[in-house]
Amino acid sequence: MDILKEFNRANKYEQGNILFANGEFISSKTYQGFKLNLFRLDHYVFEVWYSPEQKSIEKIVRITDYDLLYTYFERIDISQLYGAAS
């Protein structure tokens, strides 16, 4: 089954479980009191909006806007990749 179809059929808690179990964590940032976590699942990228105050996932959004991805890039440390290329 296509992972995106399975993901879209799930509720947000099941989606969170799918991402945490099968996805790859990329980065995080804070925005308006939320902790936003970026995950890659297969060929798709998702943003998980977590409320520390409520201790719950508020929403999960599939990222299709590359401009939004660029806001995460400045937070990703790639310095260890320099040594691997030598």
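Hydrogens, waters and symmetry mates are skipped; everything else that's a heavy atom, side chains included, is used. Being a predicted model, the structure only gives us computed values, none of them experimental.
Of the inter-residue distances, the one linking Tyr50 atom OH with Asn37 atom CG reads 9.5 Å to the nearest 0.5 angstrom. To the nearest 0.5 Å, atoms CZ (Phe34) and CD (Glu47) are separated by 11.0 Å. Note: Trp49 CH2 to Lys12 NZ = 12.5 Å, rounded to the nearest 0.5 Å. Rounding to the nearest 0.5 Å places CD1 of Ile60 at 5.5 Å from CG of Leu19.
Contacts of Glu24 classified as side chain to side chain contact (heavy atoms under 4.5 Å, CB included), with partners at least two apart in sequence or in another chain: Arg40.
Of all non-hydrogen atoms in Arg62 and Tyr44, the two that sit nearest each other are NE-CD2, 3.5 Å. Of all the heavy atoms in Gly33 and Pro52, the pair that sits closest is O-CD, 3.4 Å.
The side-chain heavy atoms of Lys5 and Asn8, taken from C-beta on, include no pair separated by under 4.5 Å. The shortest side-chain heavy-atom distance between Glu14 and Phe7 does not fall under the 4.5 Å cut-off. Within the 4.5 Å cutoff, the side chain of Leu38 has heavy atoms near those of the Ile63 side chain.
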What verdict does the side chain to side chain contact (heavy atoms under 4.5 Å, CB included) test give for Gln15 and Ile57, after you've listed the backbone C-alpha separation in whole Å, the side-chain angles of each residue and the deciding distance to 0.1 Å?
CA-CA 10 Å; Gln15 289 176 342; Ile57 294 172; over 6 Å; no
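Note on Val61 and Tyr13: separate hydrophobic clusters, where clusters join Ile, Leu, Val, Met, Phe, Trp and Tyr whose side-chain heavy atoms are under 4.5 Å apart, directly or indirectly.
Tested against Ser56 for a side-chain hydrogen bond (donor to acceptor under 3.5 Å, both in side chains), the candidates Gln54, Glu53, Glu58 yield a single pass: Glu58. Screening Ile18, Val45, Asn22, Val48 for a side-chain contact (heavy atoms from CB on, under 4.5 Å) with Phe39, the sole residue that qualifies is Val48.
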